[in-house]
Structure formats: C-alpha cells, structure tokens
Asker: 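One structure is given below, represented as structure tokens, and several questions about it will come after.
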Amino acid sequence: MKYFIITLVLSITNFAKAQQNKFYDDAFQTINNMLADKQAYSFKTAVLSVEDAYYQGKLDTVEVNRKIKFMANFAKKL
C-alpha cells in the first residue's frame, strides 16, 4: 500500500508538470510557426500566447482585447 501511494503521488506530480509545460510548448510552437512562415506573423498573438501559458490557459482574451482597444482609442485622442 505504501508503494502504491508513493507511485500515485509521483504520477500526479509528473502529470501536473507535463500540463504546465504543454502551455509553454504551445506558445513556442505558435511563435516558431510564425518565424517559419507557417502562420501569419502577429506580435499580439505571440505575446498573448506566452501570457496564456503563464496563466496556465486561463487568460481572458476577450477582456485583454477590450483593454487593448480602450488603450488604443485613448492614445489616439492624446
């Protein structure tokens, strides 16, 4: 029973680390595709993909886009 619990804990820990790395792997692949001309280049998409990885896939892109539009309109009025 003791070995089963140790194995279970180690498996869960490794799975959690793999999930965390998946987000960064996806962000890397997005940027790499842009550099290899497999995907249209977008600075905004590149930055948001890394930010989404930082927030473990929980970045609210709708809210971020709303804030970007607000700041852009504000800057134009200056």
Side-chain angles (χ1 to χ4, degrees):
M1 185 68 166
K2 179 179 170 181
Y3 294 111
F4 174 74
I5 293 173
I6 292 172
T7 305
L8 182 63
V9 169
L10 290 175
S11 297
I12 291 171
T13 303
N14 287 337
F15 179 74
K17 287 181 182 178
Q19 279 295 100
Q20 290 174 346
N21 290 336
K22 180 193 176 304
F23 296 113
Y24 285 102
D25 290 342
D26 291 345
F28 173 80
Q29 192 61 45
T30 298
I31 295 169
N32 194 43
N33 286 343
M34 288 179 191
L35 293 173
D37 289 329
K38 294 178 183 175
Q39 183 175 341
Y41 177 77
S42 169
F43 182 76
K44 179 180 173 183
T45 301
V47 170
L48 289 180
S49 69
V50 174
E51 288 290 320
D52 191 46
Y54 178 78
Y55 288 109
Q56 299 296 304
K58 295 179 177 87
L59 181 66
D60 184 2
T61 54
V62 173
E63 180 66 17
V64 170
N65 284 328
R66 188 185 68 74
K67 288 180 180 181
I68 290 171
K69 286 180 184 178
F70 173 78
M71 295 302 287
N73 288 332
F74 180 74
K76 287 178 185 177
K77 292 179 182 180
L78 291 180

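All residue numbers refer to positions in the sequence shown, counting from 1. Fair warning: this is a prediction, and the values are worked out from it, not measured in the lab.
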Asker: Give the minimum heavy-atom separation between Thr45 and Gln39, together with the two atoms involved.
Answerer: CG2-NE2, 4.3 Å
Asker: Can you tell me if Asp52 uses its side chain to pair, donor with acceptor, with the backbone of Leu59 under 3.5 Å?
Answerer: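 Checking the backbone N and O of Leu59 against the side chain of Asp52, a donor-acceptor pair under 3.5 Å is found.
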Asker: Look only at the side chain of Asn65 and the backbone of Thr61, and say whether a donor-acceptor pair between them is shorter than 3.5 Å.
Answerer: yes
Asker: Specify the closest pair of heavy atoms between Ser49 and Ala27, including all atoms of both residues, with the distance to one decimal.
Answerer: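 Closest approach of Ser49 to Ala27, heavy atoms only: O-CB, 3.5 Å.
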Asker: Would you sort out whether Asp26 and Lys22 count as a side-chain contact (heavy atoms from CB on, under 4.5 Å), showing the intermediate values?
Answerer: CA-CA 6 Å; Asp26 291 345; Lys22 180 193 176 304; 2.8 Å; yes
Asker: Please report the shortest heavy-atom distance between Tyr54 and Tyr24, naming the atom on each side.
Answerer: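 Heavy-atom minimum between the residues: CA-OH, 3.4 Å.
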Asker: If you round to the nearest 0.5 Å, how far is CG of Leu78 from CG of Asn73?
Answerer: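 Here the interatomic distance stands at 11.0 Å.
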Asker: Applying a strict under-4.5 Å side-chain criterion to I, L, V, M, F, W and Y, I'd like to know whether Phe43 and Met34 cluster together.
Answerer: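 Linked, Phe43 and Met34 end up in one cluster.
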Asker: With no hydrogens and no angle check, just 3.5 Å: does a side-chain donor-acceptor pair link Asp25 and Gln29?
Answerer: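 Short answer, no.
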Asker: Does one hydrophobic cluster hold both Tyr55 and Ile68, with members joined at side-chain heavy-atom distances below 4.5 Å?
Answerer: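 Both belong to a single hydrophobic cluster.
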Asker: Quick one: are Glu51 and Val64 in side-chain contact, heavy atoms under 4.5 Å?
Answerer: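 With C-beta onward as the side chain, the pair stays apart.
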Asker: Would Leu35 end up clustered with Val50 when hydrophobic side chains under 4.5 Å apart are linked, directly or stepwise?
Answerer: yes
Asker: Just so I know, are the side chains of Glu63 and Arg66 near enough to count as touching, which here means a heavy-atom distance under 4.5 Å?
Answerer: yes
